[in-house]
**Student:** 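Let me begin by handing over the structure; questions about it come next.
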Amino acid sequence: VDKDALLEGLAGEAGEAGCELRAGCRCVGIADASGAVSVTLQSRDGKETVRAKRAIVADGAFSPLIEPLGINEGRPVSKRRIKFLSLILDGVDSSCPAVLRRIKFCLPSVHKGYITLGPWPPGQFQLGTSTVAGSSVHLPSVLRTLMSDSPYSHWLSGAQEVARHGCNMEFRLPVPDPARGNVICIGDNVAYAETAIKGAIGCGYMAAQATLSSLQGENGNESYNDYWQHACNYFSPEYKKNVRQIKKLPAVLDDREIDALFKWIQDNRIWGVPEDCLPANREQLERELPEIAGKIYASATPIKKARVA
């Protein structure tokens with residue numbers, strides 16, 4: 001998705017519908033009362049307080065606004081902190097599958113985690129990976145090794161780095177009821193990690209519909225919370241139970257074993273992310289690739305097929 005084109009299109013449609021769009025302005029405070037929401041805006045001209053009947057808060061994973069709204073109350077702080085690094089590349093070989101879709105590398109000899117590569121419009125690519133914060137793993141070296149000394153170097157060795165992005169992020173439990181009072185908090189600020197572009201669009205659309213319902217006297221909060229709880233896998237107890245049974249593949253297998261496992265998945269026409277689909281195919285894998293199965297399953301007890309939301 002070309003985010004610039006997407007935002008330009010959405011802004012254009014919003015303006016045509018009569019919305020007031022403010023550039024160079026950010027929300028620095030919010031309070032929800034029984035009758036209205038008060039929002040404090042900061043711009044070059046100073047601060048301004050705006051009141052409205054309803055508000056949608058979409059300020060991302062590092063939200064400063066959901067705390068004063070009480071959304072984080074009872075939400076434990078994560079003990080896991082992950083560091084991310086991505087390189088924006090120009091000149092990736094046109095034969096690379098990432099020209100059309102995002103791909104994920106599982107190459108334990110390079111990194112004991114996953115590496116992703118996908119389009120970064122217009123015409124560039126994002127190569128990224130992560131590890132536990134505080135780890136001795138040097139992420140720039142990991143990505144450079146993939147580019148220069150790996151089975152995939154022929155796609156990447158001629159590429160030039162044009163930008164570098166990085167951050168640390170805590171993984172927190174998702175908020176099951178982000179629509180409360182006169183406010184709906186959406187997207188990454190109440191998610192386990194992130195909702196990605198497609199999730200952000202879905203959350204925005206459904207929050208707008210729920211807001212309209214509330215203004216018409218209906219229970220828009222209930223409808224949004226129901227949507228949110230069924231839109232993401234991490235609210236499914238069965239799904240969470242199953243994925244905990246699979247260890248991170250590049251952390252427990254070597255390159256040869258990864259190739260054998262993915263060939264087995266392909267030969268058996270098993271579709272989906274391996275961590276999602278392997279629990280349901282455990283018995284067959286244990287029969288046909290017992291050594292690999294013994295390394296990837298965290299539990300000795302087979303588990304039921306999960307509902308994937």
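Please read these numbers as outputs of a predicted model, since none were measured by experiment.
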**Student:** Please indicate whether K247 has more than 12 foreign heavy atoms, meaning atoms of other residues, nucleotides or ligands, lying under 6.0 Å from its NZ.
**Tutor:** yes

**Student:** Test salt bridge (charged side-chain N to carboxylate O under 4.0 Å, His left out) on R144 and E161; report intermediate values, then the result.
**Tutor:** CA-CA 10 Å; R144 286 299 175 190; E161 178 185 338; 2.4 Å; yes

**Student:** Starting at SG of C96, measure out to CZ of R101 and round the result to the nearest 0.5 Å.
**Tutor:** 10.0 Å

**Student:** May I ask whether F262 and I246 are part of the same hydrophobic cluster, defined by side-chain heavy atoms of I, L, V, M, F, W, Y residues being less than 4.5 angstrom apart, directly or through others?
**Tutor:** yes

**Student:** Counting only N and O atoms by type, is there a donor-acceptor contact under 3.5 Å from the side chain of E257 to the main-chain atoms of D254?
**Tutor:** yes

**Student:** Flag the pair E48 and R22 as a salt bridge only when some basic side-chain nitrogen lies within less than 4.0 angstrom of an acidic carboxylate oxygen.
**Tutor:** yes

**Student:** Kindly indicate whether the side chain of D93, heavy atoms from C-beta on, has any atom under 4.5 Å from the side chain of H154.
**Tutor:** no

**Student:** Quick one: sort the Y192 and Y234 rings into parallel, tilted or perpendicular, breaks at 30° and 60°.
**Tutor:** tilted

**Student:** Would you say the side chain of L278 lies within less than 4.5 Å of the side chain of I296, judging by non-hydrogen atoms?
**Tutor:** yes

**Student:** Keeping S63 on the side-chain end and N189 on the backbone end, is there a donor-acceptor pair under 3.5 Å?
**Tutor:** no

**Student:** Would you say S236's side chain and N233's backbone share a donor-acceptor pair under 3.5 angstrom?
**Tutor:** no

**Student:** Grouping I, L, V, M, F, W and Y whenever their side-chain heavy atoms are under 4.5 Å apart, do V50 and L69 come out in a common cluster?
**Tutor:** yes

**Student:** Which heavy atom of L143 sits nearest to which heavy atom of L127, and what is that distance?
**Tutor:** CD1-O, 3.7 Å

**Student:** Are H165 and W120 close enough that some pair of their side-chain heavy atoms sits under 4.5 Å apart?
**Tutor:** yes

**Student:** Using a 4.5 Å cut-off on heavy atoms from C-beta on, say whether the side chain of P274 contacts that of L261.
**Tutor:** no

**Student:** Go through the steps to decide whether L89 and M147 satisfy the test side chain to side chain contact (heavy atoms under 4.5 Å, CB included), and finish with yes or no.
**Tutor:** CA-CA 11 Å; L89 304 176; M147 294 176 64; 4.0 Å; yes

**Student:** Give the C-alpha distance, both sets of side-chain angles, the deciding distance and a yes or no for ring pair (Phe, Tyr, Trp, His ring centres under 6.0 Å) between F105 and Y114.
**Tutor:** CA-CA 6 Å; F105 299 99; Y114 295 106; over 10 Å; no

**Student:** Report the distance from atom NZ of K263 to atom CG of D259, rounding to the nearest 0.5 Å.
**Tutor:** 11.0 Å

**Student:** Donor-acceptor check, side chain of R75 to backbone of L173, threshold 3.5 angstrom: yes or no?
**Tutor:** yes

**Student:** Do the side chain of N268 and the main chain of W264 share a donor and acceptor less than 3.5 angstrom apart?
**Tutor:** yes

**Student:** Quick check: is L285 connected to V273 through a chain of hydrophobic side chains (ILVMFWY, heavy atoms under 4.5 Å apart)?
**Tutor:** no

**Student:** Is the charged tip of R282 near the ring of Y297: under 6.0 Å from the six-membered ring centre and within 45° of its axis?
**Tutor:** yes

**Student:** Backbone N or O of D177 within a donor-acceptor pair of the R180 side chain at under 3.5 Å?
**Tutor:** yes

**Student:** With rounding to the nearest 0.5 angstrom, report the CG to CG distance, D32 to N182.
**Tutor:** 4.5 Å

**Student:** Could you tell me if the side chain of I56 sits less than 4.5 Å from the side chain of I186, heavy atoms only?
**Tutor:** yes

**Student:** Does any part of the side chain of P174, heavy atoms only, come nearer than 4.5 Å to the side chain of F235, both counted from C-beta?
**Tutor:** yes

**Student:** Tell me whether L156 shares a hydrophobic cluster with I88, the cluster being built from Ile, Leu, Val, Met, Phe, Trp, Tyr side chains joined at under 4.5 Å.
**Tutor:** no

**Student:** Is there a side-chain hydrogen bond (donor to acceptor under 3.5 Å, both in side chains) between N72 and E67? Walk through the geometry before answering.
**Tutor:** CA-CA 6 Å; N72 278 337; E67 196 72 43; 3.0 Å; yes

**Student:** Of the non-hydrogen atoms in L85 and P140, which two are nearest, and what is the gap between them?
**Tutor:** CD2-N, 3.5 Å

**Student:** Which distance, rounded to the nearest 0.5 Å, do you find between the CD1 of I30 and the OG1 of T49?
**Tutor:** 11.5 Å

**Student:** Measure across L146 and V110 and return the closest heavy-atom pair with its distance rounded to 0.1 Å.
**Tutor:** N-CG1, 4.2 Å

**Student:** Carefully, step by step, assess V37 and R54 under the rule side chain to side chain contact (heavy atoms under 4.5 Å, CB included).
**Tutor:** CA-CA 6 Å; V37 183; R54 302 279 303 182; 5.7 Å; no

**Student:** Do side-chain atoms of R81 reach the backbone of G134 as a donor and acceptor pair under 3.5 angstrom?
**Tutor:** no

**Student:** Among V142, I103, L139, whose side chain to side chain contact (heavy atoms under 4.5 Å, CB included) with I115 holds?
**Tutor:** V142

**Student:** Between S135 and T131, is there a donor-acceptor pair closer than 3.5 Å when you use the side chain of the first and the backbone of the second?
**Tutor:** no

**Student:** Are E275 and L249 close enough that some pair of their side-chain heavy atoms sits under 4.5 Å apart?
**Tutor:** yes

**Student:** Taking the side chain as every heavy atom from C-beta outward, state whether V175 and C185 have any atom pair closer than 4.5 Å.
**Tutor:** no

**Student:** Looking at A196 and D188, what are the two nearest heavy atoms and their distance?
**Tutor:** N-OD1, 4.3 Å

**Student:** I need the minimum non-hydrogen distance between P119 and V99, along with the two atoms involved.
**Tutor:** CG-O, 4.2 Å

**Student:** Keeping the roles fixed (side chain from N281, backbone from I270), state whether a donor-acceptor pair exists under 3.5 Å.
**Tutor:** no

**Student:** Determine whether more than 12 heavy atoms belonging to other residues, nucleotides or ligands lie under 6.0 Å from atom CZ of R26.
**Tutor:** no

**Student:** If we ignore hydrogens and angles and just use 3.5 Å, is the side chain of S214 paired with the main-chain N or O of G220 as donor and acceptor?
**Tutor:** yes

**Student:** Same cluster or not: L87 versus L107, using hydrophobic residues (I, L, V, M, F, W, Y) connected whenever any side-chain heavy atoms lie under 4.5 Å apart?
**Tutor:** yes

**Student:** So for atom CZ, which belongs to F62, do other residues, nucleotides or ligands contribute more than 12 heavy atoms lying within a distance under 6.0 Å?
**Tutor:** yes

**Student:** Quick one: closest heavy-atom pair of P250 and P108, and the distance?
**Tutor:** O-CB, 3.5 Å

**Student:** Where does the angle between the aromatic ring planes of W228 and Y224 fall among parallel (under 30°), tilted (30 to 60°) and perpendicular (over 60°)?
**Tutor:** parallel

**Student:** When rounded to the nearest 0.5 angstrom, what distance separates CD1 in I82 from CZ in F84?
**Tutor:** 6.0 Å

**Student:** First locate atom CD1 of I184, then atom CD of Q209, and finally report the distance between them rounded to the nearest 0.5 Å.
**Tutor:** 10.5 Å

**Student:** Using side chain to side chain contact (heavy atoms under 4.5 Å, CB included), reason through L215 and K53 one step at a time and then give a plain yes or no.
**Tutor:** CA-CA 8 Å; L215 293 173; K53 293 180 180 179; 3.9 Å; yes

**Student:** Check this for me: E170, atom CD, are more than 12 non-hydrogen atoms of other residues, nucleotides or ligands nearer than 6.0 Å?
**Tutor:** yes

**Student:** Has E8 got more than 12 heavy atoms of other residues, nucleotides or ligands less than 6.0 Å from its CD?
**Tutor:** no

